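Worksheet: the structure to be examined is printed underneath.
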There are 2 protein chains.
Amino acid sequence: MFSQELTEREKTILRYVIHQFILTASPVGSRNISKKYEIGLSPATVRNIMADLEDLGFLNHPHTSAGRVPTDKGYRFYVDSLMEPHLLSPQEMSLIDRSILQEMIEREEVLKLTSMLLSNITNLLACVTYPKFDDALLQKIQLVELGGSKILIVLTVKSGVVKTITLEIHQPAETKQLKAIERTLNERLSGLKFSEIRESFKDRLQGTIDENMKPIIRVFLNSVDKIFSDIEGTEKTFITGARNIVRQPEFEDLSHFQSIIELIEDKDVIIHMMDQSAELTTEDVSILIGGEHKDEKLNEYSLVTKTYKLGGTAGKVGIVGPKRMEYSRVVASVVYIAEVLSKQLKNTY
Amino acid sequence: MFSQELTEREKTILRYVIHQFILTASPVGSRNISKKYEIGLSPATVRNIMADLEDLGFLNHPHTSAGRVPTDKGYRFYVDSLMEPHLLSPQEMSLIDRSILQEMIEREEVLKLTSMLLSNITNLLACVTYPKFDDALLQKIQLVELGGSKILIVLTVKSGVVKTITLEIHQPAETKQLKAIERTLNERLSGLKFSEIRESFKDRLQGTIDENMKPIIRVFLNSVDKIFSDIEGTEKTFITGARNIVRQPEFEDLSHFQSIIELIEDKDVIIHMMDQSAELTTEDVSILIGGEHKDEKLNEYSLVTKTYKLGGTAGKVGIVGPKRMEYSRVVASVVYIAEVLSKQLKNTY
DNA sequence: TGTTAGCACTCTTGTAAAATTAGTGCTAAA
DNA sequence: TTTAGCACTAATTTTACAAGAGTGCTAACA
């Protein structure tokens, strides 16, 4: 990478520029750096270095006679090599512990709480997604007669999560029949991933099926996508803290609102983006800066995410904020919260 | 009321002023009225009338030498007595019919779609709440063993809506025991309202209960609020169209954003407000203008809602927008959509 | 008595010029 | 290699002024 090409001094200046920009949100000039940070260099020298950094693509000029602004590449280098790890204060950690580690609250409550906590700590938009069923292993299926021609399908997953769907079969079913179907489904599907089931449901139910189960099986076939889909996650994903983000100075210009509004209106956008970030780093924290994520609408934002564990599956916690964010602090918060959340979920279930 | 005190001419002027203000969002002056609307009166006369209307509290002055702006009272009089009913165009009606009356979509899909449709038609913030369980009659309770010490409670309501809750009982239960409890619960609770059950659960389960059911019953007692609560509704309430509302000219000043953001962030605020509106008018459409609703944050907004029916229970559809909205059109849209929605839900379930 | 015309006055809005500010790039000197 | 100095730029803020819209009031009119 380019890190070899940068001298120590250039790195220092770059760090200061980014630091300063993060604080003030306005282009930072050479004199400013030379004064504020006790570096034995004159503005002119700093100017030269900044010009070099600009040539290398780490900084940018909105126009002549304005200070420098970090580019995406600049931020990237900053988070990769320059940033000093931030330690949460004991108060913050204790706040997180106390908020999340309390017993006796619903799982969904925990997630919502976590999201609210994260957005309060970072003053940014926080998001906690529900674990994806896709990677979950089906433990068993139960069918419950609801009366009329309705049945309730209860899916239990290894991690202990339960999902229910009501299904309309167009004829009243006999209890015996349903029991038989239930047995068959369990024999052939349990232990598989949801995604596998979706793909191969039809094949797996082929053959050796009692003739008079057929009509009901057909209903199942038609609804397989619905039953084994993942949309649940969308409903149970929590996005909080929009109030914080609109206070950021970058919102002086109205147009940016659109994208944020859309963000909280359909969670799908964020969820999709968080999925995308998963592909890059599974274990560690993932940082996506500006144009690095595919969605154009979010070119002006960065995304910091980390997975948390729930049984065998994993959800994500993360934040969305302007590219100019205190990465070190945000990363520390996200990481710590994800850990506490994992711990809490393990204890309770 | 004051309607007696207003002459025909005053009413006409008031109507025109409000009309004009709805269109332009900026204070309307006397000359403007005198010219635009073919009224045989000079600006000066109009001025006099407007001054009278101001004394009566229907209009307001931002400052000397600005045009007049309707007050809440002005709007109230307008929607009560002045407004001409608006007829939706056949195109609009057909659009609504086609969107909502399609078969084979999930109930929740229908609600979401309805909300989106309504916000598109009105260009305002639309909201569709899930029917309240509180007023629903419990049809039956089923208990399903999930394995381990977990059970799933399935509540079926008269309207066909089903609600499920997983419950952790701290000891493994025997099938026979559960069946017995299930029977008892059904005998004593079915046919009652959720709200009644919440209040009297303990009393109803008093006496003649088998000794070894006790521990499980106790878990039920502890969780009764959770089981028969209404929070489900919050999750299944859809709020859409925020992107529209931020385009309104009243958003030139940033501060107003806060309230809107909060509105879509916790749906509770809107849901609560819609509940509140229910107290006023159960059957017909309800209009709340500016300060008429208790939540200060929404003093600058109006709320138009109507109930729709689902089985024995009722949900709400409504819109939130700046006080300066085309009430007649909005009312027409809300009413029509609520009707179509009721029809659709009746057909499908 | 209700209506209108005229006029002075008040605010807001728009625009253009001027002053201010923060910052750069370049050259020459240390 | 670093620094100081200087000319130059682009954005921002200030200021001033003119135009427009609207009111309130008084006096005249039908």
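Bear in mind the structure is a predicted one, so any value in this text is a computation, not a measurement. In what follows, chains carry the letters A, B, and so on, assigned in the order in which the sequence lines appear, proteins first and then strands, with residues in each chain numbered from 1.
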Rounded to the nearest angstrom, tell me the gap between atom [atom1] in [X] and atom [atom2] in [N].
X	N	atom1	atom2	value
B/Arg68	D/dG24	CZ	P	5 Å
A/His61	D/dC8	NE2	C1'	13 Å
B/Arg31	D/dT23	CZ	C1'	12 Å
B/Ile33	D/dA21	CD1	P	15 Å
A/Ile13	D/dT1	CD1	P	16 Å
B/Asn48	D/dT23	CG	P	11 Å
A/Met50	C/dT24	CE	P	5 Å
A/Leu59	C/dG25	CG	P	11 Å

Check your understanding: For the residue pair A/Ile13 and A/Met50, what are the closest heavy atoms and their distance?
Key ->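 Closest heavy-atom pair between A/Ile13 and A/Met50: CG2-CG, 4.1 Å.
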
Point to revise | Residue of the set B/Asp295, B/Ile270, B/Asp268 for which side-chain contact (heavy atoms from CB on, under 4.5 Å) holds with B/Leu263 | key: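 Testing each of B/Asp295, B/Ile270, B/Asp268 against B/Leu263, the sole residue satisfying side-chain contact (heavy atoms from CB on, under 4.5 Å) is B/Ile270.
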
Point to revise | B/His63 vs A/Val28, nearer the 5' end of DNA chain C by closest nucleotide | key: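 Its nearest nucleotide being more 5', the pick is B/His63.
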
Practice item. Could you say whether A/Ala44 or A/Gly29 is positioned toward the 5' end of DNA chain C, judged by the nucleotide with the nearest heavy atom to each? Key: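 Taking each residue's closest nucleotide, the earlier one in sequence belongs to A/Gly29.
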
Review point. Do A/Ser42 and D/dT3 share a donor-acceptor pair, side chain to base, under 3.5 Å?
Key: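 In this structure, the two groups form no donor-acceptor pair.
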
Check your understanding: Can a donor-acceptor pair under 3.5 Å be found between the side-chain atoms of A/Ser65 and the base atoms of C/dT24?
Key ->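 Per atom types, no contact qualifies.
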
Exercise for review: Kindly say if B/Arg47 contacts the phosphate of C/dA5, meaning a side-chain N or O under 4.0 Å from OP1 or OP2.
Suggested key: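 Negative; the distance criterion is not met.
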
Check your understanding: Should B/Thr45 be listed as having a side-chain N or O under 4.0 Å from OP1 or OP2 of C/dG2?
Key ->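 B/Thr45 to C/dG2 OP1/OP2: no side-chain N or O under 4.0 Å.
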
Exercise for review: Determine, for A/Tyr75 and A/Lys323, whether the Lys NZ or Arg CZ falls below 6.0 Å from the six-membered ring centre while staying within 45 degrees of the axis.
Suggested key: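 Geometry flag: not set, cation outside 6.0 Å or 45°.
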
**Study point:** Within 6.0 Å of NE2 in A/His272, more than 12 heavy atoms from elsewhere
**Key:**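 Atom NE2 in A/His272 is not crowded, with 12 or fewer foreign heavy atoms closer than 6.0 Å.
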
Review point. Are A/Arg329 and A/Glu92 within salt-bridge range, i.e. N to O under 4.0 Å?
Key: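 Salt bridge present between A/Arg329 and A/Glu92.
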
Point to revise | Side chain of B/Asn32 (C-beta onward), nearest among D/dG24, C/dG23, D/dG22 | key: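 Selected nucleotide (nearest to the side chain): D/dG22.
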
